[in-house]
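Working notes, structure below.
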Amino acid sequence: MDVAVIKYNAGNVQSVLYAMERLGANAILTDDWETIKKSDKVIFPGQGEASTAMKYLKERKLDQLISSLDQPFFGICLGLQLLCEHSEEYDTTCLGVFPIRVKKFPPNEKVPHIGWNNLQQLKSPLLEGLTDSSYVYYVHSYYAEVDPRYTIATTHYMHDFSALLHKDNYYAMQAHPEKSSEVGETILTNFLNL
Amino acid sequence: MLTKRIIPCLDVMNGRTVKGVNFVQLRDAGDPVELGSIYAQEGADELVYLDITATVEKRKTLVDLVTRVAKTVNIPFTVGGGISNVDDVKALLNAGADKISINSAAVKNPKAVDEMAREFGSQCIVVAIDTKNIDGIDFVHTHGGRKPTVLQTREWAKEVTDRGAGEILLTSMDHDGVKNGFANEITADLSSLLAIPIIASGGAGKMEHFKEVFTAGKADAALAASIFHFKEISIPELKRYLENEGLSIRK
């Protein structure tokens, strides 16, 4: 199983590569069009800031590539936000795979939302084996709104937000599966088995 | 619901875990990667590795350790100890650390916090503050709590938050090693004052202390070392207790 992990100016990709290694997948970090197109699965990880990331993707035309892929694709953390239509972070137009807006958490509670929180309203083969007492690890200040057409799990922090999204071959998760212990490994294994 | 975090802290010297009481009578406690994996399997929510090596080779051994931890451990971990600049942070994050923690270097050069947060994002910058009460006033201390500064703890915590810290790791030197409970009052003050999570450290002796620091102390996370290393409290047992006491805990 060849997994392409998209290389761009976002942090924390090493952990995703190690998680793939632990699960026995052959993952490579690349921004090469052909390699990404030929791979069995694509992971779009990242931590960072939306506008800088979009600028980088556009300069290398990776935005067009990402929108045109047809193998199973998994956006993680910032990857989820970039797959949405628009982010409030520096008023950024994103990739638009999901017609969903990304907003900043209000300052009613501590922001960023850091720590373990549970998944709710699970509905997808990607989440097979999990329940609403499955916890995943979050670190984020922005969230994707809930859209019943695409949201396959929610998490509650101040209000419900999209924990995971799915449309056609595109999947995305706000929390970090690579840091979410057995629950994260279940999700990544399910993704590899799609 | 967001859960309260339990964080074992591992002191590392020359790539090995050491345990002792207040940094004296240190003895080898095994491989930090193996120990971290065991804690992760037992239900630790995060790990903190604190490097207490004092050699020029320090950064290289720390990067090696971070690489080994990141390959094996499937929960988030923070690394601290002697980190002073953006290059140190970059090397450790690239090796797979989720967060770094800085302490004395922030006091010496507060702008380092701004630089690190701007470069890597607040979410991975933990500012560790060692606090000690002197005649009724809480002052920041550096160098493992030995050196007092003129900074008052609450003001310093507010300042580093404004500069971009993502979390505060607050260690009370008055409580550390005494096992009489965490410094609930100042922890609660900081938690109410600041919009970022507070990790309380120093003073854990029994399970009730964790309950107190999460309720009265309003802490978002609690860190402890010796009670876990010496197996005085096991993590599964602690988590069951806290859950029974009505706290939000990851199972």
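In the text below, chain A, chain B and the rest are named by the order of the sequence lines, each starting its count at 1.
By number of non-hydrogen pairs under 4.5 angstrom with chain A, the leading residue of B:S248, B:A40, B:P197 is B:P197. Contact count against chain B (heavy-atom pairs under 4.5 Å) is highest for A:I114 among A:I114, A:L17, A:N118, A:V111.
Taking 4.0 Å as the cut-off between side-chain N and carboxylate O, B:K239 and B:E243 do not count as a salt-bridged pair. One finds no salt bridge joining A:K38 and A:D2 here, because no Lys/Arg side-chain nitrogen approaches an Asp/Glu carboxylate oxygen to under 4.0 Å.
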> Given B:E119 and B:V89, is the side-chain contact (heavy atoms from CB on, under 4.5 Å) satisfied, shown in steps?
Replying inline: CA-CA 10 Å; B:E119 183 83 20; B:V89 178; over 6 Å; no
> Would A:H140 and A:Y157 satisfy ring-ring contact (aromatic ring centres under 6.0 Å, His included), going step by step from the backbone distance to the final call?
Replying inline: CA-CA 11 Å; A:H140 62 130; A:Y157 188 62; 7.8 Å; no
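Note: B:Y39 and B:H229 have tilted aromatic rings, judged against thresholds of 30 and 60 degrees for the angle between ring planes. Note: A:F44 and A:F73 have tilted aromatic rings, judged against thresholds of 30 and 60 degrees for the angle between ring planes.
Looking at A:H176, there are no atoms closer than 4.5 Å to chain B (heavy atoms on both sides), in backbone or side chain. For a residue to count as touching a neighbouring chain, one of its non-hydrogen atoms must lie under 4.5 Å from one of that chain's; by this rule B:K99 touches chain A with the side chain only. Only the side chain of A:E185 comes within less than 4.5 Å of a heavy atom in chain B; its backbone stays farther off. Only the side chain of A:Q47 comes within less than 4.5 Å of a heavy atom in chain B; its backbone stays farther off. Contact of A:S181 with chain B is made through backbone and side chain together, with heavy-atom distances under 4.5 Å. Interface residue B:N94: only backbone heavy atoms are found under 4.5 Å from chain A. B:A221 does not touch chain A: none of its heavy atoms, backbone or side chain, sits under 4.5 Å away. With a 4.5 angstrom heavy-atom cutoff, B:I7 does not touch chain A via any of its atoms.
At a heavy-atom separation below 4.5 angstrom, chain A is approached by B:T67, B:A70, B:K71, B:T72, B:V73, B:N74, B:I75, B:P76, B:F77 within residues 65-82 of chain B.
Looking only at side-chain heavy atoms (C-beta outward), A:T151 and A:Q121 stay at 4.5 Å or farther from each other.
Side-chain N or O atoms of B:E237 include one that pairs as donor or acceptor with a backbone N or O of B:S234 at under 3.5 Å.
We find the CG-OG distance between A:L80 and A:S162 to be 7.0 Å, quoted to the nearest 0.5 Å. Taking CG from A:N117 and OG1 from B:T3, the interatomic distance works out to 7.0 Å, rounded to the nearest 0.5 Å.
Residue A:Y8 is tested with A:L29, A:I66, A:L78, A:T52 for a side chain to side chain contact (heavy atoms under 4.5 Å, CB included); the sole match is A:L78.
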